[in-house]
Amino acid sequence: MKTLPVQEAVGTVLAHDITEIIPGQFKGRAFKKGHIITEADIEHLRDLGKEHLYVMEIGGDELHENDAAMKLASALAGEGITVSKDPREGKLELAAAYDGLLKVNVQALYHFNLLGEVMCATRHTNTYVKKGEILAGTRAIPLIIRKKIIEKAVAFCNEAGAVLHVLPLRKARVGVVITGNEVYYGRIKDRFRSVITRKVTEIGSSISDVRYAPDQREVIAGHIRDLVAEGTDLIVTTGGMSVDPDDVTRLAVADAGSGEITYGSAVLPGAMLMVAYIGDVPVIGVPACGMFHDITLFDLIFPRILTGER
(Lines give C-alpha, C1' and ligand atoms only; values in the text may rest on other atoms or scores of the structure.)
Protein backbone atom coordinates (compact mmCIF):
# COMPACT_ATOMS: atom_id res chain seq x y z
CA MET A 1 0.00 0.00 0.00
CA LYS A 2 1.25 3.49 -0.79
CA THR A 3 0.17 7.11 -1.28
CA LEU A 4 -0.37 8.46 -4.78
CA PRO A 5 -1.60 11.76 -6.22
CA VAL A 6 -5.20 11.29 -7.40
CA GLN A 7 -4.34 11.80 -11.06
CA GLU A 8 -1.74 9.02 -10.87
CA ALA A 9 -4.04 6.51 -9.14
CA VAL A 10 -6.02 5.33 -12.19
CA GLY A 11 -6.00 1.55 -12.32
CA THR A 12 -4.99 1.11 -8.69
CA VAL A 13 -7.12 -0.29 -5.87
CA LEU A 14 -8.49 2.01 -3.18
CA ALA A 15 -7.29 0.81 0.23
CA HIS A 16 -10.00 2.52 2.31
CA ASP A 17 -13.56 3.86 2.18
CA ILE A 18 -14.10 7.51 1.27
CA THR A 19 -17.05 9.35 2.80
CA GLU A 20 -19.10 12.04 1.10
CA ILE A 21 -21.16 14.63 2.99
CA ILE A 22 -23.82 16.79 1.37
CA PRO A 23 -25.28 18.95 4.17
CA GLY A 24 -28.92 18.13 4.82
CA GLN A 25 -29.01 15.51 2.05
CA PHE A 26 -26.47 12.74 2.34
CA LYS A 27 -23.70 11.31 4.44
CA GLY A 28 -22.26 7.99 3.43
CA ARG A 29 -19.75 6.06 1.39
CA ALA A 30 -18.90 7.55 -1.98
CA PHE A 31 -16.11 5.10 -2.77
CA LYS A 32 -15.62 1.76 -1.07
CA LYS A 33 -12.48 -0.09 -0.20
CA GLY A 34 -11.42 -2.24 -3.12
CA HIS A 35 -12.75 0.15 -5.79
CA ILE A 36 -10.54 0.35 -8.86
CA ILE A 37 -9.90 4.01 -9.65
CA THR A 38 -10.94 5.19 -13.15
CA GLU A 39 -10.45 8.44 -15.05
CA ALA A 40 -14.09 9.31 -14.42
CA ASP A 41 -13.47 9.21 -10.65
CA ILE A 42 -10.74 11.89 -10.57
CA GLU A 43 -12.92 15.02 -10.51
CA HIS A 44 -15.35 13.49 -8.02
CA LEU A 45 -12.48 12.65 -5.69
CA ARG A 46 -11.14 16.19 -5.95
CA ASP A 47 -14.61 17.55 -5.16
CA LEU A 48 -14.34 15.53 -1.97
CA GLY A 49 -11.04 17.19 -1.15
CA LYS A 50 -8.89 14.21 -2.06
CA GLU A 51 -5.63 15.09 -3.77
CA HIS A 52 -3.85 11.94 -2.55
CA LEU A 53 -5.08 8.40 -1.97
CA TYR A 54 -3.94 5.32 -0.13
CA VAL A 55 -3.91 2.68 -2.85
CA MET A 56 -2.79 -0.89 -3.41
CA GLU A 57 -1.06 -1.90 -6.59
CA ILE A 58 -1.94 -5.25 -8.15
CA GLY A 59 1.14 -7.18 -9.14
CA GLY A 60 1.44 -9.26 -12.26
CA ASP A 61 0.86 -12.40 -10.24
CA GLU A 62 -2.24 -11.04 -8.44
CA LEU A 63 -5.94 -10.43 -9.11
CA HIS A 64 -8.49 -8.04 -7.66
CA GLU A 65 -11.33 -9.82 -5.82
CA ASN A 66 -13.89 -8.85 -8.48
CA ASP A 67 -11.82 -10.29 -11.34
CA ALA A 68 -11.16 -13.40 -9.27
CA ALA A 69 -14.89 -13.87 -8.58
CA MET A 70 -15.70 -13.71 -12.29
CA LYS A 71 -13.22 -16.47 -13.03
CA LEU A 72 -14.48 -18.60 -10.15
CA ALA A 73 -18.16 -18.22 -11.05
CA SER A 74 -17.56 -19.07 -14.70
CA ALA A 75 -15.69 -22.22 -13.71
CA LEU A 76 -18.30 -23.33 -11.16
CA ALA A 77 -21.29 -22.81 -13.47
CA GLY A 78 -22.40 -25.71 -15.61
CA GLU A 79 -25.47 -26.31 -17.76
CA GLY A 80 -28.53 -24.33 -16.72
CA ILE A 81 -26.63 -21.80 -14.59
CA THR A 82 -26.36 -18.05 -15.18
CA VAL A 83 -23.88 -15.73 -13.47
CA SER A 84 -24.65 -12.21 -12.25
CA LYS A 85 -22.78 -9.63 -14.30
CA ASP A 86 -21.52 -7.22 -11.65
CA PRO A 87 -19.50 -8.44 -8.66
CA ARG A 88 -20.43 -6.80 -5.35
CA GLU A 89 -17.58 -6.64 -2.87
CA GLY A 90 -15.95 -9.52 -4.68
CA LYS A 91 -19.03 -11.74 -4.69
CA LEU A 92 -20.99 -13.12 -7.63
CA GLU A 93 -24.28 -15.00 -7.55
CA LEU A 94 -25.23 -18.00 -9.67
CA ALA A 95 -28.88 -18.43 -10.65
CA ALA A 96 -31.11 -20.93 -12.45
CA ALA A 97 -31.42 -20.33 -16.20
CA TYR A 98 -34.68 -22.32 -16.27
CA ASP A 99 -36.92 -24.42 -14.02
CA GLY A 100 -35.33 -27.73 -13.08
CA LEU A 101 -33.39 -29.76 -10.54
CA LEU A 102 -30.25 -28.30 -8.98
CA LYS A 103 -27.36 -30.74 -9.03
CA VAL A 104 -24.28 -29.98 -6.94
CA ASN A 105 -21.15 -32.08 -7.16
CA VAL A 106 -20.91 -32.20 -3.37
CA GLN A 107 -17.47 -33.78 -3.17
CA ALA A 108 -16.05 -31.31 -5.69
CA LEU A 109 -17.60 -28.40 -3.77
CA TYR A 110 -16.10 -29.72 -0.52
CA HIS A 111 -12.61 -29.87 -2.00
CA PHE A 112 -13.04 -26.50 -3.73
CA ASN A 113 -13.74 -24.90 -0.36
CA LEU A 114 -10.64 -26.53 1.11
CA LEU A 115 -8.36 -24.82 -1.43
CA GLY A 116 -8.15 -21.73 0.77
CA GLU A 117 -8.87 -18.05 0.00
CA VAL A 118 -11.83 -18.99 -2.23
CA MET A 119 -15.35 -20.10 -1.30
CA CYS A 120 -18.67 -21.16 -2.74
CA ALA A 121 -21.92 -21.62 -0.80
CA THR A 122 -24.87 -23.35 -2.46
CA ARG A 123 -28.39 -24.55 -1.90
CA HIS A 124 -28.79 -28.28 -1.32
CA THR A 125 -28.26 -30.61 -4.23
CA ASN A 126 -31.43 -32.19 -5.69
CA THR A 127 -33.50 -29.09 -4.93
CA TYR A 128 -36.26 -28.20 -7.40
CA VAL A 129 -35.63 -24.60 -8.49
CA LYS A 130 -37.39 -22.00 -10.60
CA LYS A 131 -35.89 -19.81 -13.30
CA GLY A 132 -34.04 -16.85 -11.79
CA GLU A 133 -33.68 -18.29 -8.28
CA ILE A 134 -30.30 -17.73 -6.64
CA LEU A 135 -28.55 -21.07 -6.24
CA ALA A 136 -25.07 -20.17 -5.04
CA GLY A 137 -22.59 -17.42 -4.30
CA THR A 138 -18.83 -17.39 -4.73
CA ARG A 139 -16.02 -15.03 -3.92
CA ALA A 140 -12.32 -14.69 -3.27
CA ILE A 141 -11.73 -14.05 0.44
CA PRO A 142 -8.89 -11.46 0.29
CA LEU A 143 -9.19 -8.18 -1.57
CA ILE A 144 -6.11 -9.06 -3.61
CA ILE A 145 -5.48 -12.73 -4.32
CA ARG A 146 -2.64 -14.60 -5.96
CA LYS A 147 -3.38 -15.69 -9.51
CA LYS A 148 -2.06 -19.20 -8.91
CA ILE A 149 -4.77 -19.85 -6.32
CA ILE A 150 -7.50 -18.84 -8.76
CA GLU A 151 -5.89 -20.81 -11.55
CA LYS A 152 -5.81 -23.86 -9.29
CA ALA A 153 -9.48 -23.40 -8.34
CA VAL A 154 -10.53 -22.95 -11.98
CA ALA A 155 -8.54 -26.00 -13.07
CA PHE A 156 -10.17 -28.02 -10.29
CA CYS A 157 -13.67 -27.02 -11.47
CA ASN A 158 -12.82 -27.82 -15.06
CA GLU A 159 -11.57 -31.28 -14.05
CA ALA A 160 -14.79 -31.86 -12.12
CA GLY A 161 -16.89 -30.81 -15.14
CA ALA A 162 -18.23 -27.73 -13.34
CA VAL A 163 -19.71 -27.98 -9.85
CA LEU A 164 -23.32 -26.82 -10.34
CA HIS A 165 -25.88 -27.80 -12.99
CA VAL A 166 -29.62 -27.45 -13.42
CA LEU A 167 -31.21 -30.45 -15.11
CA PRO A 168 -34.45 -29.86 -17.05
CA LEU A 169 -37.51 -31.92 -16.13
CA ARG A 170 -39.51 -33.83 -18.70
CA LYS A 171 -43.23 -33.03 -18.96
CA ALA A 172 -44.80 -36.34 -17.99
CA ARG A 173 -48.34 -37.64 -18.51
CA VAL A 174 -49.19 -38.87 -15.04
CA GLY A 175 -51.82 -41.49 -14.25
CA VAL A 176 -53.23 -41.63 -10.71
CA VAL A 177 -54.75 -44.59 -8.91
CA ILE A 178 -56.50 -43.60 -5.67
CA THR A 179 -57.09 -46.60 -3.43
CA GLY A 180 -59.15 -47.25 -0.32
CA ASN A 181 -62.57 -48.67 0.43
CA GLU A 182 -63.58 -45.55 2.35
CA VAL A 183 -63.08 -43.37 -0.75
CA TYR A 184 -64.24 -45.88 -3.36
CA TYR A 185 -67.57 -46.48 -1.63
CA GLY A 186 -68.09 -42.79 -0.87
CA ARG A 187 -67.79 -42.98 2.91
CA ILE A 188 -65.32 -40.08 2.93
CA LYS A 189 -64.44 -37.40 0.39
CA ASP A 190 -61.31 -37.93 -1.69
CA ARG A 191 -58.64 -35.40 -0.73
CA PHE A 192 -55.76 -36.93 -2.65
CA ARG A 193 -56.81 -36.01 -6.18
CA SER A 194 -56.50 -32.24 -5.69
CA VAL A 195 -53.18 -32.59 -3.86
CA ILE A 196 -51.55 -34.77 -6.51
CA THR A 197 -52.98 -32.69 -9.35
CA ARG A 198 -51.54 -29.51 -7.86
CA LYS A 199 -48.10 -31.00 -7.29
CA VAL A 200 -47.96 -32.52 -10.77
CA THR A 201 -49.10 -29.41 -12.65
CA GLU A 202 -46.97 -27.00 -10.63
CA ILE A 203 -43.88 -28.82 -11.79
CA GLY A 204 -44.91 -28.72 -15.45
CA SER A 205 -46.44 -32.16 -15.98
CA SER A 206 -50.09 -33.10 -16.48
CA ILE A 207 -52.67 -35.60 -15.21
CA SER A 208 -53.72 -37.98 -17.98
CA ASP A 209 -56.17 -40.18 -16.03
CA VAL A 210 -57.46 -40.67 -12.48
CA ARG A 211 -58.88 -44.01 -11.35
CA TYR A 212 -60.42 -45.16 -8.07
CA ALA A 213 -60.07 -48.64 -6.62
CA PRO A 214 -61.17 -50.47 -3.47
CA ASP A 215 -58.57 -52.29 -1.36
CA GLN A 216 -58.46 -55.23 -3.76
CA ARG A 217 -55.16 -56.31 -5.31
CA GLU A 218 -56.64 -57.42 -8.61
CA VAL A 219 -58.55 -54.16 -9.17
CA ILE A 220 -55.58 -51.94 -8.32
CA ALA A 221 -53.25 -54.07 -10.46
CA GLY A 222 -55.71 -53.91 -13.37
CA HIS A 223 -55.82 -50.11 -13.27
CA ILE A 224 -52.03 -49.93 -13.21
CA ARG A 225 -51.69 -52.31 -16.17
CA ASP A 226 -54.28 -50.30 -18.10
CA LEU A 227 -52.41 -47.03 -17.48
CA VAL A 228 -49.14 -48.58 -18.63
CA ALA A 229 -50.84 -49.91 -21.76
CA GLU A 230 -52.26 -46.44 -22.48
CA GLY A 231 -48.74 -45.02 -22.64
CA THR A 232 -48.76 -43.19 -19.31
CA ASP A 233 -45.28 -41.85 -18.50
CA LEU A 234 -45.54 -42.14 -14.73
CA ILE A 235 -48.06 -43.55 -12.24
CA VAL A 236 -48.89 -42.29 -8.75
CA THR A 237 -50.82 -44.51 -6.38
CA THR A 238 -52.24 -43.10 -3.15
CA GLY A 239 -53.13 -44.91 0.05
CA GLY A 240 -52.73 -48.54 1.05
CA MET A 241 -49.06 -48.07 1.96
CA SER A 242 -49.17 -48.95 5.65
CA VAL A 243 -49.05 -52.31 7.45
CA ASP A 244 -52.75 -53.17 7.89
CA PRO A 245 -54.09 -56.32 6.14
CA ASP A 246 -56.13 -54.07 3.82
CA ASP A 247 -53.04 -52.16 2.67
CA VAL A 248 -52.42 -54.10 -0.53
CA THR A 249 -51.16 -51.40 -2.91
CA ARG A 250 -47.56 -52.63 -2.86
CA LEU A 251 -48.68 -56.18 -3.58
CA ALA A 252 -50.85 -54.92 -6.44
CA VAL A 253 -47.89 -53.06 -7.97
CA ALA A 254 -45.93 -56.32 -7.94
CA ASP A 255 -48.92 -58.12 -9.49
CA ALA A 256 -49.01 -55.49 -12.24
CA GLY A 257 -45.54 -56.47 -13.35
CA SER A 258 -43.00 -54.61 -11.23
CA GLY A 259 -39.87 -56.55 -10.37
CA GLU A 260 -38.17 -53.55 -8.80
CA ILE A 261 -39.81 -52.11 -5.70
CA THR A 262 -38.22 -49.91 -3.04
CA TYR A 263 -40.40 -49.34 0.00
CA GLY A 264 -39.57 -47.18 3.01
CA SER A 265 -37.05 -44.42 3.61
CA ALA A 266 -35.57 -42.57 6.59
CA VAL A 267 -37.48 -39.38 5.78
CA LEU A 268 -40.45 -37.85 7.60
CA PRO A 269 -43.13 -37.24 6.56
CA GLY A 270 -43.26 -39.98 3.96
CA ALA A 271 -41.30 -42.87 5.46
CA MET A 272 -43.66 -45.41 3.85
CA LEU A 273 -43.31 -44.06 0.33
CA MET A 274 -42.70 -46.57 -2.46
CA VAL A 275 -40.84 -46.27 -5.76
CA ALA A 276 -41.28 -49.08 -8.28
CA TYR A 277 -40.78 -49.61 -12.02
CA ILE A 278 -42.82 -51.50 -14.56
CA GLY A 279 -40.39 -51.56 -17.45
CA ASP A 280 -39.40 -47.92 -17.78
CA VAL A 281 -42.57 -46.56 -16.18
CA PRO A 282 -42.02 -45.30 -12.61
CA VAL A 283 -44.72 -45.97 -10.03
CA ILE A 284 -44.70 -43.80 -6.90
CA GLY A 285 -46.78 -44.97 -3.94
CA VAL A 286 -47.74 -42.04 -1.70
CA PRO A 287 -48.74 -42.80 1.90
CA ALA A 288 -51.60 -41.03 3.68
CA CYS A 289 -49.32 -38.27 5.03
CA GLY A 290 -49.37 -36.82 1.51
CA MET A 291 -52.85 -35.47 2.22
CA PHE A 292 -51.90 -33.58 5.35
CA HIS A 293 -48.39 -32.17 4.84
CA ASP A 294 -47.41 -29.60 2.20
CA ILE A 295 -43.97 -31.20 1.74
CA THR A 296 -43.26 -34.92 1.99
CA LEU A 297 -40.74 -37.35 0.57
CA PHE A 298 -42.82 -37.35 -2.63
CA ASP A 299 -41.78 -33.74 -3.28
CA LEU A 300 -38.10 -34.72 -3.02
CA ILE A 301 -38.39 -37.84 -5.19
CA PHE A 302 -40.75 -36.65 -7.93
CA PRO A 303 -38.47 -34.03 -9.59
CA ARG A 304 -35.53 -36.43 -9.55
CA ILE A 305 -37.55 -39.08 -11.36
CA LEU A 306 -38.58 -36.46 -13.94
CA THR A 307 -34.90 -35.86 -14.79
CA GLY A 308 -34.57 -39.54 -15.69
CA GLU A 309 -32.86 -40.68 -12.50
CA ARG A 310 -33.73 -44.22 -11.53
Side-chain angles (χ1 to χ4, degrees), residues 1-20 28-45 48 50 52-78 80-97 102 104-123 132-165:
M1 187 168 69
K2 63 181 180 179
T3 305
L4 281 180
V6 167
Q7 65 272 17
E8 296 177 17
V10 174
T12 60
V13 180
L14 189 62
H16 58 100
D17 289 349
I18 293 178
T19 300
E20 181 172 14
R29 186 171 62 183
F31 294 90
K32 63 183 178 182
K33 176 182 177 180
H35 176 71
I36 299 175
I37 306 299
T38 67
E39 286 282 358
D41 297 329
I42 302 302
E43 292 307 312
H44 190 184
L45 287 163
L48 299 176
K50 303 298 180 183
H52 294 82
L53 299 173
Y54 286 111
V55 299
M56 289 181 283
E57 290 186 321
I58 301 176
D61 61 343
E62 297 172 323
L63 285 172
H64 183 268
E65 62 177 354
N66 287 350
D67 297 322
M70 293 175 69
K71 292 181 180 294
L72 293 173
S74 296
L76 288 161
I81 304 289
T82 62
V83 178
S84 55
K85 295 181 180 179
D86 299 316
R88 292 179 177 268
E89 297 179 344
K91 184 183 79 171
L92 278 173
E93 293 178 331
L94 293 85
L102 171 63
V104 181
N105 185 330
V106 177
Q107 282 299 310
L109 177 66
Y110 171 73
H111 290 292
F112 175 92
N113 281 320
L114 288 181
L115 292 173
E117 300 190 28
V118 299
M119 62 77 61
C120 177
T122 79
R123 296 178 66 181
E133 284 189 24
I134 303 302
L135 310 181
T138 185
R139 67 170 300 158
I141 304 301
L143 180 61
I144 304 297
I145 188 169
R146 290 167 292 168
K147 279 185 178 178
K148 66 179 182 180
I149 294 175
I150 299 301
E151 290 168 354
K152 184 177 180 180
V154 169
F156 178 82
C157 292
N158 291 338
E159 290 171 9
V163 175
L164 291 93
H165 301 83

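What you see is a predicted model; the values in this text were computed from it and never measured. Numbering starts at 1 and runs along the sequence shown.
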Closest heavy-atom contact between [X] and [Y]?
X	Y	answer
His35	Asp41	NE2-OD2, 2.7 Å
Leu92	Ser84	CD2-O, 3.0 Å
Val118	Leu72	CG1-CD1, 3.9 Å
Pro87	Met70	CG-CG, 3.9 Å
Asn105	Ala160	ND2-O, 4.0 Å
Leu115	Ala153	CD1-CA, 3.6 Å

Could you tell me the separation between the [atom1] atom of [X] and the [atom2] atom of [Y], rounded to the nearest 0.5 Å?
X	Y	atom1	atom2	answer
Lys2	Leu53	NZ	CG	12.5 Å
Leu45	Ile42	CG	CD1	6.0 Å
Lys71	Ile150	NZ	CD1	9.0 Å
Thr3	His52	OG1	NE2	7.5 Å
Thr82	Leu94	OG1	CG	7.5 Å
Met56	Glu62	CE	CD	10.0 Å

List in chain and number order the residues that pass side chain to side chain contact (heavy atoms under 4.5 Å, CB included) with [X], two or more places apart in sequence or in another chain; answer none if no residue qualifies.
X	result
Arg123	Leu102, Thr127, Val129, Glu133, Leu135
His44	Glu20, Ala30, Phe31, Leu48
Thr12	Leu4, Ala9, Ile37, Val55, Glu57

Checklist entry - Could you give all pairs that pass the side-chain hydrogen bond (donor to acceptor under 3.5 Å, both in side chains) test and reach residues 135-153, with sequence neighbours left out? => result Glu65-Arg139, Glu117-Arg146

Next on the checklist: Could you walk me through whether Leu143 and His64 satisfy the side chain to side chain contact (heavy atoms under 4.5 Å, CB included) test, starting with their C-alpha distance in whole Å, then the side-chain angles of each, then the deciding distance to 0.1 Å, before giving a yes or no?
Outcome noted: CA-CA 6 Å; Leu143 180 61; His64 183 268; 3.9 Å; yes

Checklist outcome for this item: Asn66 meets the side-chain hydrogen bond (donor to acceptor under 3.5 Å, both in side chains) criterion, sequence neighbours left out, with none

Checklist outcome for this item: Sequence neighbours excluded, the answer for side-chain hydrogen bond (donor to acceptor under 3.5 Å, both in side chains) partners of Glu8 is none

Decide yes or no for [X] and [Y]: does some side-chain heavy atom of the first lie under 4.5 Å from some side-chain heavy atom of the second?
X	Y	result
Tyr110	Val106	no
Ile81	Leu76	no
Ile58	Asp67	no
Cys120	Leu109	yes

Next on the checklist: Can you confirm whether Phe156 is buried at CZ, in the sense that more than 12 heavy atoms of other residues, nucleotides or ligands lie under 6.0 Å from that atom?
Outcome noted: yes

